[in-house]
There are 2 protein chains.
Amino acid sequence: MTPEPLSRARIVRAAIDLIEREGADAVSMRRIAADLGVGAMSLYNHVPSKAALLDGVAEAILSEIEFTDDPDAHWTDRVRTQARAFRQIAHHYPRCTMVVVSRQLTSPAGLLPVERALSTLREAGFDARDAVRVLRLFIAYIVGSLLREVGVTPTFAPVGSILPRVADIDPALFPVVASLYDTLRDCDAEEEFEFGLEILVQAIQALPRRPGAAT
Amino acid sequence: MTPEPLSRARIVRAAIDLIEREGADAVSMRRIAADLGVGAMSLYNHVPSKAALLDGVAEAILSEIEFTDDPDAHWTDRVRTQARAFRQIAHHYPRCTMVVVSRQLTSPAGLLPVERALSTLREAGFDARDAVRVLRLFIAYIVGSLLREVGVTPTFAPVGSILPRVADIDPALFPVVASLYDTLRDCDAEEEFEFGLEILVQAIQALPRRPGAAT
DNA sequence: AGCGTGGCACGTACGGTGTACGTGCGTCAA
DNA sequence: TTGACGCACGTACACCGTACGTGCCACGCT
């Protein structure tokens, strides 16, 4: 009946599809099993628990990041490209983003991006300590940005924005927020991400680095 | 029997305590009710749903942020202070941090920090657009940092660090990660947060601002 | 004082969840 | 041929969120 046999990969795939289709709250072992046309308990022959399944989801998505790393490009451009790759994947799986960032994996699945980034930074002349710190700075910024972006676009229509309705804001209590309401309201996520990214890139470019490294 | 009558505030408080004591997975209406010595359904006389209760948790924690804002201080120091205030509250409720950042509230509860921050930035001479962008840059950085910090300290002992055990890393596949393992491993969260914060502050200080504003 | 009324704690019940466990069928190895 | 093993399946249990009905008690009005 089922063309392919059940497998961990197929289960993870079904979970991802389900999350994208109906949101993370809709995931249940029974539901995923139903989507695969099998009984709920059959999943446990390939996955030890629901938690492990969600780890698999995070792992699979992280490993889908595309690295078109051009070794000839300037290191700052490579950093930019890698940061955008992270963001890209989150936009490809918007409803999954939350589950990816919320579970911290102990598997080496998400290590390849780290490897690439650290490699780029070391080549750029950062010492070990600064390379790690800069990497973490970027990851923090990217994760934080994505969290807000997917929050603003919860389902399809962000009818209720993250901002309270304008009527709920008391200008006496929050004068600045009230005056900036329109600016806070409309946000071009792409443009804002690039704004922060550029600031970070410029800032770390000004950091002291080992002389003789790539300019 | 119960000294004080049931109330939304008392329920939220119990939820926070429970999360801090046993983790977010342990929260259930029955459990919270038991901790309060009442029946499960009694909670619904004060809280419409579990989701609303968790919103209340986020709201309560956010509103606990202490703002000892010194109007005489340089605006860069005020920015630093506000950023640290965010981090402080997350460290006061480490297990709650995830639930706070994971639900985006539509209530004006978390608006006061935004008001303060925007006010500071406007006074510093940023135009409306840049003030909002800079605020979001900082929020992204702070949220991302906290997410990693609370992830590294899941319970008390981070026996399984976010890094895979050193034995699991294949130096052939991840040479840079392997060589930087020790640096990646030990991290002084406070020091790293300050590192990124300082970079951000320096960077936005170099941004063009309205002339005549605070230097 | 008598009486209505509304708030609030409570218990029961229903549909759903993760998963421990036992069962039976298929397909390979000896 | 037979044994073992893999794997899909169903049942069962404890727990979850919460809709709904019941009864107590403290209050406002006449």
Side-chain angles (χ1 to χ4, degrees), chain A residues 1-60 95-96 98-100 102-103 105 154-155, chain B residues 1-60 95-96 98-100 102-103 105 154-155:
Chain A
M1 187 55 54
T2 51
E4 312 167 65
L6 214 45
S7 73
R8 180 188 153 96
R10 246 165 64 81
I11 295 173
V12 167
R13 190 74 238 165
I16 293 177
D17 292 345
L18 177 57
I19 294 175
E20 268 338 297
R21 245 182 308 118
E22 310 193 14
D25 291 345
V27 287
S28 81
M29 301 303 269
R30 296 190 219 290
R31 187 75 168 71
I32 294 170
D35 285 4
L36 288 167
V38 301
M41 292 314 291
S42 305
L43 304 182
Y44 286 91
N45 288 317
H46 306 269
V47 165
S49 69
K50 182 185 182 180
L53 200 173
L54 293 181
D55 283 344
V57 167
E59 196 176 314
R95 316 277 285 267
C96 288
M98 199 45 145
V99 339
V100 174
S102 65
R103 38 196 56 244
L105 359 172
T155 319
Chain B
M1 186 56 53
T2 51
E4 312 166 66
L6 215 44
S7 73
R8 180 187 153 97
R10 246 163 64 82
I11 294 173
V12 167
R13 191 72 239 165
I16 293 177
D17 291 345
L18 178 57
I19 294 175
E20 275 326 306
R21 246 183 307 119
E22 309 193 15
D25 291 344
V27 287
S28 81
M29 300 304 269
R30 289 171 164 83
R31 188 75 167 72
I32 294 171
D35 286 4
L36 287 167
V38 302
M41 291 314 290
S42 305
L43 304 182
Y44 286 92
N45 287 317
H46 306 269
V47 166
S49 70
K50 182 185 182 179
L53 200 173
L54 292 181
D55 284 343
V57 167
E59 196 177 315
R95 316 277 283 268
C96 288
M98 199 48 160
V99 339
V100 173
S102 65
R103 38 196 56 246
L105 359 173
T155 318

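Labels below follow one simple rule: chain letters A, B, ... track the order of the sequence lines, proteins then strands, and each chain is numbered from 1.
Dashed line: the shortest gap from a side-chain N or O of A:S42 to OP1 or OP2 of D:dC9 is under 4.0 Å.
No hydrogens or angles were tested; on distance alone, nothing pairs the side chain of A:R30 with the base of C:dG16 as donor and acceptor under 3.5 Å.
With rounding to whole Å, B:D25 atom CG is found 11 Å from C:dT19 atom P. For the pair A:M29 CE and D:dC9 P, the interatomic distance rounds to 14 Å; values are reported in whole Å. Spacing between atom OH of B:Y44 and atom C1' of D:dA19 amounts to 10 Å, rounded to whole angstrom units. Between A:M41 atom CE and D:dC13 atom C1' there is a gap of 12 Å when expressed in whole angstrom units. Summarising the geometry, the separation between CG on B:L43 and P on D:dA19 is reported as 13 Å, rounded to the nearest angstrom. Going from atom CZ of A:R31 over to atom C1' of C:dG18 covers 17 Å, rounded to whole Å. Distance CD1 (A:I32) to P (C:dT17): 11 Å, rounded to an integer number of Å.
To the nearest 0.5 Å, atom CD1 of residue A:I19 and atom CG of residue A:L54 are 6.0 Å apart. Rounding to the nearest 0.5 angstrom, the gap separating the OG atom in B:S7 from the CG atom in B:L36 is 9.0 Å.
Counting heavy atoms from C-beta outward, A:L6 and A:V38 have side chains that approach closer than 4.5 Å.
With B:R103 contributing its side chain and B:V57 its backbone, the two residues share no donor-acceptor pair below 3.5 Å.
Near DNA chain C, meaning a heavy atom under 4.0 Å from it, residues 45-55 of chain A has A:S49, A:K50 in order of number.
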Using atom types as modelled, flag every donor-acceptor pair under 3.5 Å from a side chain in residues 24-35 of chain A to any protein atom, sequence neighbours excluded.
| residue | atom | partner | partner atom | Å |
| --- | --- | --- | --- | --- |
| A:S28 | OG | A:R31 | N | 3.0 |
| A:R31 | NH1 | A:D35 | OD1 | 2.7 |
| A:R31 | NH1 | A:D35 | OD2 | 3.3 |
| A:R31 | NH2 | A:E22 | OE1 | 3.1 |
| A:R31 | NH2 | A:E22 | OE2 | 2.3 |
| A:D35 | OD2 | A:R21 | NH2 | 3.3 |

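Taking every heavy atom of both residues into account, B:G56 and B:V12 meet most closely at O-CG1, 3.7 Å.
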